[in-house]
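What follows is a short report on a single structure.
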Amino acid sequence: MSRIKSAPMLTWSLVIPTYNRRDVLLRALPLALRQTEPPVQVVIVDSSEDWEMTRQAVQKLAADHPAIRLDYLQANTPSSATQRNQGVEEAIGDIVVMIDDDSFLYPDYVERILAVYAADSQGVLAAVNGVNVSVMPDAQAATGLARKADSREKITGMRDRVMRYRLGRWISSRILFQDMHALFLKYEGERVLSVPSNFAHLDVTPMTFMAGHGLSVRRAVALAEPLDRSLRYYAALEDLDASYRYGRHGILLRANDALLHHFEVAGGRVKRRTATTFQLLNMLVFIKRNTNRPGVWLGTYRRMLWRRLLGEAIKDGLSRRWDFPQARGVLTAMRNWHKVWKTPVEELDRWYPGQQRAILNQI
């Protein structure tokens, strides 16, 4: 693990990728501009066809904050992963804060994040994220916005039914309700999850992964570990992969008093079959690209496919999704993983976007 020099006065840049969501962006952005510790720069990377119209609206908002530099860019390549990378390359702050265009920050979100970096006297900290809470920091900001359909009540009810039985409890923990630690194969092993003594006065928790709707990272680390460049059409797990690689450079901490609300605005919801397919295929891309011995992980990956097939079929059935979209997503991955495996690493950036597009055309 490399040691990172700690800076006494850290600046930060905000990076937001966006696509066809002008309304929610214009509601979330003011909360970022009015942070108690304001950014030196806001970078927005837009892949919308009418991006120039949105840029004009954002410029009007930013005019009230002349000390904050605004870089509103047309995306070179449309994709949440590549747009974040483009934003990071333009960032000038010591710390890059990445959020989604529907992430609503509490007023002191970044102040509390920076307090964790300020405590890094030993230079061992790579990244910090906050906590996604269910309450909006400004309820009026979401007036008229529609959310994605919330399936948490259905999932909770399903879990309760399964947990009545001993076999059900085993299936629940091992197959059905897998968290990110089960979905993502840690191809470099477990990270050290400990909090050094110089952070003891802070309310922080060690992390292995961070969600892309609200994370911060030292700019040097973000440049060294970009989000996977080959994920052009559906970037499932891209934030888990990048933040896992941040752990090569230092520890990851969650600031438990840094709060945001990820609204998850309706529109453009990815189909269940698509999401499942690319979770699994993208994971194999990460393994091939980032480990020196990918063959060691092939057996583990193939076992995960069969475990996911069983788990997703059960979940589809319990949810009465009789077309079994998530199980079919696993089957689609099973039919295509060999192609990913046979592709040389140096050709992934060229080949995999086309493969993603071909699969989307099929399903």
Side-chain angles (χ1 to χ4, degrees), residues 77-82 84-85 174-176 178-191 208-209 212 224-248 270-316 324-363:
T77 304
S79 162
S80 61
T82 56
R84 284 190 172 98
N85 289 341
R174 299 297 182 90
I175 298 175
L176 286 180
Q178 301 173 30
D179 63 8
M180 62 183 68
H181 292 275
L183 293 174
F184 190 95
L185 296 179
K186 305 183 188 85
Y187 47 76
E188 293 179 343
E190 298 289 340
R191 299 300 191 206
T208 301
F209 307 111
E225 305 294 348
L227 283 83
D228 197 286
R229 299 174 297 276
S230 68
L231 308 184
R232 304 287 176 82
Y233 290 99
Y234 185 50
L237 305 184
E238 89 280 23
D239 48 356
L240 302 190
D241 176 60
S243 58
Y244 178 67
R245 287 184 280 111
Y246 295 164
R248 296 169 171 174
V270 176
K271 295 180 180 179
R272 293 178 183 275
R273 182 179 176 185
T274 301
T276 305
T277 296
F278 289 120
Q279 282 179 2
L280 293 165
L281 293 180
N282 291 358
M283 187 68 247
L284 191 57
V285 170
F286 302 150
I287 291 171
K288 282 185 62 69
R289 189 190 295 278
N290 296 308
T291 179
N292 293 328
R293 300 176 63 196
V296 172
W297 286 93
L298 184 57
T300 302
Y301 176 80
R302 296 181 67 180
R303 288 191 294 273
M304 181 182 72
L305 289 176
W306 287 104
R307 188 177 71 245
R308 286 289 299 273
L309 179 61
L310 174 60
E312 302 304 337
I314 294 173
K315 284 192 284 188
D316 282 336
F324 290 87
Q326 293 176 195
R328 290 166 65 204
V330 180
L331 290 173
T332 302
M334 285 179 161
R335 290 193 295 269
N336 286 276
W337 73 262
H338 304 82
K339 300 175 185 176
V340 178
W341 184 252
K342 292 178 181 178
T343 302
V345 173
E346 58 271 17
E347 295 183 18
L348 282 174
D349 288 348
R350 178 192 60 81
W351 175 83
Y352 190 56
Q355 180 66 11
Q356 281 192 316
R357 181 70 265 173
I359 292 171
L360 285 171
N361 290 338
Q362 294 170 7
I363 63 178

Nearest atoms (heavy-atom pairs only) where T276 meets E312:
CG2-CG, 4.4 Å
Any non-hydrogen side-chain atom of N282 less than 4.5 Å from a side-chain atom of D228?
no
Which heavy-atom pair separates A275 from A236 by the least distance, and what is that distance?
O-CB, 4.5 Å
Residue pair N336, Q355: steps toward the side chain to side chain donor-acceptor pair (under 3.5 Å) verdict:
CA-CA 9 Å; N336 286 276; Q355 180 66 11; 2.9 Å; yes
May I ask you to say whether R289 pairs ionically with D349, meaning some side-chain N is under 4.0 Å from a carboxylate O?
yes
Within the 4.5 Å heavy-atom criterion, are S80 and E238 side-chain neighbours or not?
yes
So, do W351 and V340 sit near enough that their side-chain heavy atoms are less than 4.5 Å apart?
yes
Nearest-0.5 Å distance, CZ of residue F278 to CG of residue L231:
10.0 Å
State, with a plain yes or no, whether a side-chain heavy atom of M304 is found less than 4.5 Å away from one of L280.
yes
Between D316 and A327 (side chain of the first, backbone of the second, donor and acceptor by atom type, cut-off under 3.5 Å), is there such a pair?
yes
dist L348:CG -> R229:CZ (nearest 0.5 Å) comes out at 9.5 Å
Exceeds 12 heavy-atom contacts within 6.0 angstrom, atom CG of N361
yes
Decide ring pair (Phe, Tyr, Trp, His ring centres under 6.0 Å) for Y187 and Y244; before the verdict, give the C-alpha distance in whole Å, the side-chain angles of both, and the deciding distance to 0.1 Å.
CA-CA 9 Å; Y187 47 76; Y244 178 67; 5.1 Å; yes
Are the side chains of T274 and L360 in touch, meaning some heavy atoms are under 4.5 Å apart?
yes
Might you point out which heavy atoms bring T332 and I363 nearest each other, and give the distance in Å?
OG1-CG2, 4.2 Å
Value rounded to 0.5 Å, distance of CZ in F286 from CD in E188:
13.0 Å
Would a 4.5 Å heavy-atom cut-off, applied to side chains only, mark R273 and V330 as touching?
no
Using the ring of each side chain (for Trp, its six-membered ring), is F209 parallel, tilted or perpendicular to H181, with breaks at 30° and 60°?
tilted
What one should report as the nearest heavy-atom pair of T82 and S79 is OG1-CB, 3.1 Å
Please determine, by modelled atom types, if Q326 and R308 share a side-chain donor-acceptor pair under 3.5 angstrom.
no
Just grab all the salt bridge (charged side-chain N to carboxylate O under 4.0 Å, His left out) pairs involving residues 327-342, residues at least two apart or on different chains.
none
Does R357, at its CZ atom, have more than 12 non-hydrogen atoms belonging to other residues, nucleotides or ligands within less than 6.0 Å?
yes
Could you check whether any side-chain heavy atom of L240 comes within less than 4.5 Å of a side-chain heavy atom of L183, counting everything from C-beta outward?
no
Is it true that a side-chain atom of K288 and a backbone atom of T343 form a donor plus acceptor pair closer than 3.5 Å?
yes
Side chain to side chain contact (heavy atoms under 4.5 Å, CB included) evaluation trace for Y301 with W337
CA-CA 10 Å; Y301 176 80; W337 73 262; 4.0 Å; yes
Are K186 and R191 packed together at the side-chain level, in the sense that at least one heavy-atom pair is separated by less than 4.5 angstrom?
no
Any chance you could measure S230, atom OG, to R232, atom CZ, to the nearest 0.5 Å?
7.5 Å
Quick check: does any side chain N or O of R303 sit under 3.5 Å from a backbone N or O of L298, one acting as donor and the other as acceptor?
no
Please find the pair of heavy atoms, one from E225 and one from Y246, that lie closest to each other, and give the distance.
O-CE2, 3.7 Å
Measure the spacing between CG of L331 and CZ of F324 and express it to the nearest 0.5 Å.
11.0 Å
Determine whether a donor-acceptor pair (N or O, by modelled atom type, separation under 3.5 Å) exists between the side chain of T291 and the backbone of I287.
no
Interatomic distance, L284 atom CG to Y352 atom OH [nearest 0.5 angstrom]:
8.5 Å
